[in-house]
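One structure below.
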Amino acid sequence: DVKVTQSSRYLVKRTGEKVFLECVQDMDHENMFWYRQDPGLGLRLIYFSYDVKMKEKGDIPEGYSVSREKKERFSLILESASTNQTSMYLCASSSGQGAFGYTFGSGTRLTVV
Amino acid sequence: ILNVEQSPQSLHVQEGDSTNFTCSFPSSNFYALHWYRWETAKSPEALFVMTLNGDEKKKGRISATLNTKEGYSYLYIKGSQPEDSATYLCAFISAGGFKTIFGAGTRLFVKA
């Protein structure tokens with residue numbers, strides 16, 4: 001069963017901490033994405049990557065960075081966590097820029113206190 | 001500004017009811033429209049990828065239609081079951097760059 005795996009389901013961090021959210025996919029997809037989901041809003045794209053060591057800013061990249069050292073792994077980094085980054089974070093992968101559908105992880109609910 | 005609207009925001013139905021909800025999207029620069037089902041504590045799961053005006057797709061009791069000229073898609077659930085309780089997301093994919101815009105979702109509650 002192909003899947004996208006996110007390392008943590010729930011995470012609580014303190015303001016100012018550096019936070020790493022890890023995502024691994026086993027489908028050999030070129031494209032990987034990080035979204036956040038907040039109540040009343042659609043999924044918003046933070047960063048995406050079309051290849052190893054390649055990254056592109058999405059719609060809301062401020063306060064985040066990413067790393068893609070291997071094809072199967074895409075990490076989201078909160079350099080200095082803030083309370084407004086409390087959210088549900090979803091990782092996704094696709095074989096064709098997302099046009100033909102995404103495969104999502106089950107999400108990480110991050111709370112910053 | 002590209003915008004995708006889903007209505008209603010939430011919906012409560014009884015087991016056995018049929019229901020439908022709407023996704024509205026820009027009528028220009030269309031490439032594809034996706035529907036996903038997102039159950040609590042699980043991954044969003046792709047239901048349909050729709051690309052052609054007039055498309056109708058069906059998966060069991062769930063079906064979807066697409067009107068790209070007027071910019072809307074309907075998702076229908078026939079004979080709702082408690083296991084259909086989930087958030088249903090639609091995503092508009094624009095041509096030329098494949099930008100994806102997600103709606104905020106319709107949260108469906110089916111009571112036994």
Side-chain angles (χ1 to χ4, degrees), chain A residues 1-11 21 23-27 29-50 56-61 74 87-110, chain B residues 1-11 21-26 29-52 55 57 59 64 66 68 73 86-107:
Chain A
D1 190 22
V2 294
K3 57 184 178 182
V4 174
T5 303
Q6 293 184 230
S7 54
S8 304
R9 176 68 185 149
Y10 297 97
L11 214 49
L21 302 183
C23 176
V24 177
Q25 52 101 359
D26 64 2
M27 293 162 287
H29 283 166
E30 298 86 11
N31 310 300
M32 296 188 75
F33 307 82
W34 275 106
Y35 285 92
R36 65 178 280 177
Q37 196 259 345
D38 298 290
L41 298 177
L43 300 182
R44 291 182 293 165
L45 182 63
I46 304 170
Y47 266 97
F48 60 99
S49 169
Y50 288 153
E56 293 283 346
K57 292 180 180 179
D59 299 317
I60 51 164
F74 192 35
S87 188
M88 169 69 83
Y89 290 87
L90 278 173
C91 176
S93 71
S94 77
S95 60
Q97 298 185 49
F100 304 111
Y102 296 87
T103 302
F104 285 95
S106 57
T108 296
R109 183 164 294 283
L110 172 67
Chain B
I1 296 175
L2 297 177
N3 201 26
V4 175
E5 301 283 347
Q6 290 190 248
S7 61
Q9 189 172 7
S10 66
L11 194 54
F21 19 94
T22 306
C23 173
S24 301
F25 53 85
N29 214 27
F30 176 88
Y31 186 83
L33 193 285
H34 301 168
W35 281 100
Y36 295 87
R37 174 171 59 200
W38 191 4
E39 296 178 68
T40 303
K42 294 186 178 179
S43 311
E45 169 200 5
L47 288 172
F48 304 115
V49 174
M50 309 180 81
T51 56
L52 298 175
D55 246 359
K57 301 253 182 177
K59 187 176 182 179
L66 178 68
T68 61
S73 175
T87 297
Y88 292 83
L89 299 173
C90 70
F92 165 81
I93 319 301
S94 65
F98 303 118
K99 185 172 177 64
T100 301
I101 308 293
F102 282 88
T106 292
R107 185 83 192 272

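There is no contact between A91(B) and chain A, counting heavy-atom distances below 4.5 Å. Interface remark: Q6(A) contributes no atoms to any contact with chain B (heavy atom separation under 4.5 Å). Contacts of L41(A) with chain B are made by backbone atoms alone, with heavy-atom separations under 4.5 Å and no side-chain atom involved. At a 4.5 Å heavy-atom cutoff, the contact between R9(A) and chain B is made by side-chain atoms alone. For I101(B), no part lies under 4.5 angstrom from a heavy atom of chain A.
Ring pair F102(B)/Y102(A) is tilted by interplanar angle, where 30° to 60° counts as tilted.
Shown here are the ring-ring contact (aromatic ring centres under 6.0 Å, His included) partners of F48(B), two or more places apart in sequence or in another chain: there are none. Judged as a side chain to side chain donor-acceptor pair (under 3.5 Å), and not counting sequence neighbours, S43(B) has no contacts.
Between atom CG of residue L90(A) and atom CH2 of residue W38(B) there is a gap of 4.0 Å, rounded to the nearest 0.5 Å.
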What verdict does the side-chain contact (heavy atoms from CB on, under 4.5 Å) test give for T100(B) and L45(A), after you've listed the backbone C-alpha separation in whole Å, the side-chain angles of each residue and the deciding distance to 0.1 Å?
CA-CA 9 Å; T100(B) 301; L45(A) 182 63; over 6 Å; no
side-chain contact (heavy atoms from CB on, under 4.5 Å) between F100(A) and T51(B), worked out
CA-CA 9 Å; F100(A) 304 111; T51(B) 56; 5.8 Å; no
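The minimum heavy-atom distance linking P44(B) with G105(A) is given by the pair CD-O, 3.6 Å. Residues A41(B) and S106(A) come closest through the heavy atom pair O-CB, 4.3 Å. Across all non-hydrogen atoms, the minimal contact from A104(B) to G40(A) is CB-O, 3.5 Å.
No more than 12 heavy-atom neighbours from other residues, nucleotides or ligands sit within 6.0 angstrom of CZ on R109(A). Annotation for E39(B): atom CD counts as buried by contact number, over 12 foreign heavy atoms lying within 6.0 Å.
A heavy-atom distance below 4.5 Å is found between the side chains of D59(A) and K99(B).
Of the listed residues (C90(B), G103(B), A32(B)), the one with the most heavy-atom contacts under 4.5 Å to chain A is G103(B).
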